[in-house]
2 protein chains.
Amino acid sequence: MNPKIAQAQDWQALLAGQPELRLLTTDELDAARITELPREAQLFHRGETPRKIHCLLSGEIHLVRYSRRGAAMVLARSRDGFIAEASLDAPRYHCDALVVVDAVVLSLPLAAYRGALDRNTDFRRARFAAQAREIRRLRAQGERLALPTAEERLTHYIETEGSDGSIELDRPLKALAVELNLTHEALYRTLARMAQAGRIERTAKVLRLR
Amino acid sequence: MNPKIAQAQDWQALLAGQPELRLLTTDELDAARITELPREAQLFHRGETPRKIHCLLSGEIHLVRYSRRGAAMVLARSRDGFIAEASLDAPRYHCDALVVVDAVVLSLPLAAYRGALDRNTDFRRARFAAQAREIRRLRAQGERLALPTAEERLTHYIETEGSDGSIELDRPLKALAVELNLTHEALYRTLARMAQAGRIERTAKVLRLR
DNA sequence: CGTACTTTTGAATCGCATCAAATCTGGTGG
DNA sequence: CCACCAGATTTGATGCGATTCAAAAGTACG
């Protein structure tokens, strides 16, 4: 492990949680830096030119864009792994990266990242596969947003994002409503109706389709 | 150029239209085959295991999934280039590939494609960048589908997919309506209202924001 | 000149957003 | 331990925009 990073005893466990980083050589990790970012901080801003690639070790960061009327739109939620990797070959970021839960971020200069892609087969395959997964996830999300009713969107969400017909509720339902592009009222009502009709089972922390 | 492919005189022009294929070596192209597919044919079916990667040379192919009620959902429209590249590392296709306009397809065994990714730096960079573009496009599409009204979705579409505040209408408005996840009636009415109010300019083949 | 498809308009209906307000919950400080 | 507070959850009433169903007019193409 890179000595500069190894100094940070507290972060060892976090680094261990990112298997892809272990694919990088000591040389490649040499230029990496670790930063702590408090809630509300911004990792980067729209319009800036990407100079580093960031890997989220802990916390939560959202990619956000604002409509002309000021409404925030969440393009992506990240709880770990590389952030805005798809923007790196664009001349500018097209969204803000907003820290939603206090975060620890490892940042790597673009040159090191690109070098690793070219020379490190395992790393390259891992990143390539990760991009493919993201594309499939985004397609599923688009498919979901195209569904006309709240119930269909919720069902689709549980089927595609959950496992075995159920999802864990590790955050408030309001957050889920945002992801389904519903108001929280609409989601609450839909849940009530579905539970009433026996189409869904609801416990404190789990939603299960029946 | 690969002699087996070169035999197909008619397809030379089509191959020239795919700059990425020229990045492949003769060896890599050796295993490629070209197929013609009529409208309504399927290039692959949901549930099949991917064994080849397909590059669309001409025509149009849609990736389609069907809801339980049988409603078709178009996950992606392709008019040229690699198809369902993101599904290759999945054990099965999760959608059907439906030929919408008579198509010519070049198919390459997965092993040849993966070998090219590993050994051919230019090809790999090109594919990596293409995936990143696709991710950005899908994010923009998700953002668009989350907009509440027909007018906002249309405006967003013209702003992000068009150039300089206008788009060319090279296909019927009904097709555009599907992409905006609207009924064609809703789109027609929205266009009429916006034109009436002077917020959009409409000619036979172009839509322009004002 | 007929046929298939697109474009257009109308009327009725449905589902979600919006606004409002009450209740519940977890966590904090006194 | 309890009072309190912020945020989450829940229910109600109203309105709007898109869907749906229907039908007519326009357009391309063989």
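Chain letters run A, B, ... following the sequence lines, proteins first, then strands; residues in each count from 1.
Nearest nucleotide to the Leu182(A) side chain, out of dT10(D), dT19(D), dA17(C): dA17(C). Considering only side-chain atoms of Ala192(A), the nucleotide from dG10(C), dC16(C), dT11(D) that sits closest is dT11(D). Listed candidates were dT9(D), dT18(C), dA17(C). Nearest to the side chain of Arg202(A) is dT9(D). Of the candidates dC16(C), dT19(D), dT8(C), dC16(C) carries the atom nearest the Thr149(A) side chain, counting heavy atoms from C-beta on. Distances were taken from every side-chain heavy atom of Arg189(A) (C-beta onward) to each of dC16(C), dT18(C), dT10(D); the shortest belongs to dT18(C). When each of dT8(C), dT11(D), dT9(D) is scored by its nearest atom to the side-chain atoms of Tyr188(A), the top-ranked nucleotide is dT9(D).
The separation between His184(B) atom NE2 and dT20(D) atom P is 11 Å, rounded to whole Å. Gln196(B) places its CD atom 10 Å from the P atom of dT9(C), with the value rounded to the nearest Å. The CD atom of Glu152(B) sits 14 Å away from the C1' atom of dA18(D) (whole-angstrom rounding). Rounded to whole angstrom, the span from the CG atom of Leu187(B) across to the C1' atom of dT19(D) amounts to 14 Å. Separating the NZ atom of Lys174(A) from the P atom of dA6(D) is a distance of 14 Å, rounded to the nearest angstrom. In this entry the distance linking CD of Glu185(A) with C1' of dG15(D) reads 15 Å, nearest Å. Computed from coordinates, the Arg39(B) CZ to dA4(C) P distance equals 14 Å when rounded to whole Å. Taking atom CG of Leu191(A) as the reference point, atom P of dA8(D) lies 16 Å away to the nearest angstrom.
For dT19(D), the OP1/OP2 oxygens have a side-chain nitrogen or oxygen of Thr183(B) closer than 4.0 Å.
Residue Asp89(B) is tested with Arg125(A), Arg133(A), Arg136(A) for a side chain to side chain donor-acceptor pair (under 3.5 Å); the sole match is Arg136(A). Remark: of the listed residues His156(B), Arg144(B), Gln141(B), Arg144(B) is the sole one forming a side chain to side chain donor-acceptor pair (under 3.5 Å) with Glu161(B).
Rounded to the nearest 0.5 Å, atoms NZ (Lys205(A)) and CG (Asp170(A)) are 8.5 Å apart.
In this structure, Arg199(B) contributes its side chain and Met194(B) its backbone to no donor-acceptor pair below 3.5 Å.
Between Arg92(A) and Glu48(A) there is no salt bridge, since none of the side-chain N atoms of the basic residue sits less than 4.0 Å from a carboxylate O of the acidic one.
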